[in-house]
**Student:** 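Mind having a look at this structure? Questions to follow.
Letters A, B, ... mirror the listed sequences (proteins, then strands); counts begin at 1. None of these values were measured; they are calculated from a predicted model.
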Amino acid sequence: MDMALPKRGVAHHLAALLTSAVAVALVTALVFGLDAFAPALSLGVLYVFAVLPVAVLFGLAYGLLVSVASMLAFNWFFLPPTHTFRLTDGENWIALAVYLVTALVVSALAARSRAREAEAERRALEASLLARVAQELLQSEHVQDELREISVRVAEALGVARARIELDSVRRPDPGESALELRAGDRSVGRMFVDSEPDPEIGERVATSLASLLAVALDRERLARRAVEAEALRRSDAIKTAILRAVSHDLRSPLTAIRTATDGLESVELELSEADRAELLATIDAETRRLDRLVANLLDLSRLELGVAEPKPELWTVESIVGQALNELGPRAERVRVALAPDLEPIEVDGAQIEHVLVNLIDNALKFSPDAPIELISEQLDGVAVVRVVDHGPGLSEGELTRIFEPFEQGRVPSRGSGLGLAIAKGFAQANGAQLEAESSPNGGASFVLSLPSKS
Amino acid sequence: MSGRILVVDDEPRILHALETTLRGAGYEIETAATGEDALTKAKLRPPDGMILDLVLPGMSGVEVCRELRGWSDAAVVVLSVVGDEAEKVAALDAGADDYVTKPFGMEELLARLRAALRRAQPETEPVLRIGDLEIDLAQQAVRRNGSLLQLTPHEFRLLKLFALNEGKLLTQRKILSEVWGAAYQTESHYLHVYVSQLRRKIEPDPARPRYLLTETGVGYRFVAPKS
């Protein structure tokens with residue numbers, strides 16, 4: 001058992017001394033009071049009530065102090081000749097010795113149980129602290145972010161004012177600081193710096209547990225990061241594959257058509273009428289345009305994804321942008337029935353980008369309703385000009401309504417384009433503060449709704 | 001139509017294709033693969049027109065344009081790529097007359113070149129007839145199929161500018177400074193709205209303009225509608 005006075009403050013020792021003195025005085029007063037009713041010698045045992053609380057509260061050293069002080073007080077006040085430390089009666093010597101031994105044993109037992117209790121309390125504190133730390137580390141994504149919080153708890157457990165945990169640190173402690181190595185097995189996690197030397201045993205125990213927790217949390221963090229990276233890589237691979245597949249299909253079909261047409265025109269064996277030649281030439285023309293559009297779409301998509309498609313907003317009328325879009329689409333746009341509201345307010349957007357949105361929407365609608373006319377209608381709501389492109393194609397399923405704007409999503413009829421047009425339309429709409437949504441029309445077909453904020 | 005055209009492109013296949021087709025269209029052709037080469041050749045034998053790729057090794061097309069304009073007023077049509085509006089506008093501001101976007105149709109290029117080669121006509125004719133429109137410059141009156149259209153003074157000046165430059169690309173800057181004055185040449189904000197108003201008066205279907213076409217991000221072009 002540790003006999004040394006625990007390292008405590010002066011206040012603690014003053015309190016211990018004061019309590020000891022009061023305890024001895026109280027018991028002495030009690031013995032005075034009872035002296036009339038019982039022989040003084042038999043009352044000496046009452047001093048145990050002075051020894052016990054002091055030993056429990058302040059430990060063995062003060063217990064012993066009170067034991068000795070009690071015997072001296074008992075001798076002085078009650079054993080004849082009183083008011084001296086001398087003893088006349090031999091049996092009083094024996095009584096005093098017995099009392100002293102009893103007091104010593106009691107105070108030793110009390111102090112030990114007190115120490116055990118304190119130890120148990122401390123361990124419980126440490127355990128609950130480590131549990132909290134473990135919980136914090138498990139809930140957090142970044143160990144580094146939690147260190148400050150953990151340091152506060154650790155300082156509490158170590159009984160020091162301040163602690164600082166530094167991961168992967170090999171820094172020497174500053175003056176007035178001491179360092180605890182945080183090691184999990186043979187792996188160094190870092191160092192903990194405290195502003196005063198903690199109990200070495202506790203320090204060792206806390207540092208070891210903390211180091212293990214930190215090591216696990218750091219490993220977990222590293223693994224999680226690696227998993228995210230792997231996922232990102234896998235996704236970008238999937239996108240690349242989708243691009244390559246879409247592009248190679250979309251490049252190859254117009255190329256095949258062009259090749260066939262030029263071969264036909266070159267052939268000396270074929271007897272082509274003037275109409276046949278014109279048709280082959282028209283095929284070449286149409287397919288080159290398709291290739292051109294594909295390249296432009298890929299370029300737009302990459303600009304949107306890189307975030308370099310900065311819009312240049314100007315004041316436009318919806319009518320003029322619709323006009324440009326129809327113009328851009330050429331003769332194919334003849335199937336579009338346009339009904340614009342007369343009261344549309346001007347919009348402040350990048351004309352080229354919104355034109356692009358409309359071209360892609362109309363192009364998509366034309367593709368999916370190859371025979372029926374499509375409608376372009378508009379209305380002015382409060383502060384928003386709404387343009388709808390309505391087709392009479394197969395329509396969209398519930399899931400397709402949102403998925404349709406993902407790049408390389410081909411929607412209703414597969415392999416009728418690269419699935420880039422709507423993704424680009426959405427991207428440009430958003431870049432201009434406009435909204436683009438897909439709806440299913442009640443009478444079949446799909447409807448794409450572009451909401452353009454009016455310039456007030 | 002004839003004239004001497006200098007074709008500048010660093011891509012030999014495009015150069016060859018242009019040379020063949022333009023020669024077929026009756027032009028005399030000289031070619032250059034770099035901007036420096038083009039300027040040297042233009043100094044030795046000044047051409048009537050130039051077809052100039054904007055992306056060249058070394059000196060850029062815009063720089064060639066700017067330098068050429070220091071001593072030549074040859075018609076310049078630049079070749080640009082999709083999406084590069086800023087480069088297009090820079091070339092037009094540096095003095096190019098028009099542009100086509102690669103890949104372009106030959107017919108389109110020939111039409112642009114023809115319009116650019118045509119010098120601005122002095123206002124000799126008091127009445128311009130374009131499509132169904134009849135623009136009386138002296139009377140400041142516009143008729144469509146014989147019926148009089150009510151135009152505000154700004155709308156008339158806008159239409160007059162367009163009509164006198166039929167087939168030519170007019171940049172926003174050019175239109176603004178001609179119609180509203182030099183101080184307004186960067187106020188492109190309201191131009192589109194004015195054009196929309198004008199379209200409502202002169203176009204049979206304003207949502208499908210046939211006369212007044214927008215070159216998005218660059219400017220406008222007034223054409224006789226294809227019948």
**Student:** Counting only heavy atoms not in A:Arg289, do more than 12 fall under 6.0 Å of its CZ?
**Tutor:** no

**Student:** What residues of residues 272-281 of chain A make heavy-atom contacts with chain B at a cutoff under 4.5 angstrom?
**Tutor:** none

**Student:** Just wondering, more than 12 heavy atoms not from B:Arg69 lying within 6.0 Å of its CZ?
**Tutor:** yes

**Student:** Is any residue of residues 347-360 of chain A within less than 4.5 Å of chain B by heavy atoms, and which ones?
**Tutor:**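 Under the 4.5 Å heavy-atom cut-off, A:Glu348, A:Gly351, A:Ala352, A:Glu355 qualify.
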
**Student:** Should we say atom CD of B:Glu134 is surrounded by more than 12 heavy atoms from elsewhere, each under 6.0 Å from it?
**Tutor:** yes

**Student:** Within a 6.0 Å radius of atom NE2 on B:His154, are there more than 12 heavy atoms belonging to other residues, nucleotides or ligands?
**Tutor:** yes

**Student:** Take a 6.0 Å sphere around NZ of B:Lys201 and say whether it holds more than 12 heavy atoms from other residues, nucleotides or ligands.
**Tutor:** yes

**Student:** Taking atom CD of B:Gln197 and atom OG of A:Ser320, what is their separation to the nearest 0.5 Å?
**Tutor:**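 B:Gln197 CD to A:Ser320 OG: 11.0 Å, rounded to 0.5 Å.
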
**Student:** According to the interplanar angle, ranging from 0 to 90°, do the rings of A:Trp316 and B:His192 count as parallel (below 30°), tilted (30 to 60°) or perpendicular (above 60°)?
**Tutor:**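 It falls in the parallel class, under 30°.
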
**Student:** Testing A:Asn327, A:Val322, A:Val338 for side-chain contact (heavy atoms from CB on, under 4.5 Å) with B:Arg208, which one passes?
**Tutor:**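 Option passing the side-chain contact (heavy atoms from CB on, under 4.5 Å) with B:Arg208: A:Val338.
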
**Student:** Could you go through A:Lys455 and B:Val193, starting from their C-alpha distance and side-chain angles, then the distance that decides it, and tell me whether this counts as side chain to side chain contact (heavy atoms under 4.5 Å, CB included)?
**Tutor:** CA-CA 12 Å; A:Lys455 170 77 179 170; B:Val193 179; over 6 Å; no

**Student:** So for A:Val318, is it side chain, backbone, both, or neither that comes closer than 4.5 Å to the heavy atoms of chain B?
**Tutor:** neither

**Student:** Heavy atoms only: give me the nearest B:Ala207-A:Leu326 pair and the separation to one decimal.
**Tutor:**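 Looks like O-CD1, 3.5 Å.
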
**Student:** Is it the side chain or the backbone of B:Leu213 that comes within 4.5 Å of chain A heavy atoms, both, or neither?
**Tutor:**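 Interface part for B:Leu213: side chain.
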
**Student:** Partners of A:Pro342 by side chain to side chain contact (heavy atoms under 4.5 Å, CB included), sequence neighbours excluded?
**Tutor:** none

**Student:** Suppose we screen for salt bridge (Lys or Arg N to Asp or Glu O under 4.0 Å). Which residues come up paired with B:Glu63, at least two apart in sequence or across chains?
**Tutor:**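 With sequence neighbours excluded, B:Glu63 shows a salt bridge (Lys or Arg N to Asp or Glu O under 4.0 Å) to no residue whatsoever.
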
**Student:** Could you check A:Leu291, A:Asp292, A:Thr288 and say which one makes a side-chain contact (heavy atoms from CB on, under 4.5 Å) with B:Pro103?
**Tutor:** A:Asp292

**Student:** Where is the tightest heavy-atom contact between A:Glu319 and B:Ser196, given as atom of each residue plus distance?
**Tutor:** OE1-O, 4.1 Å

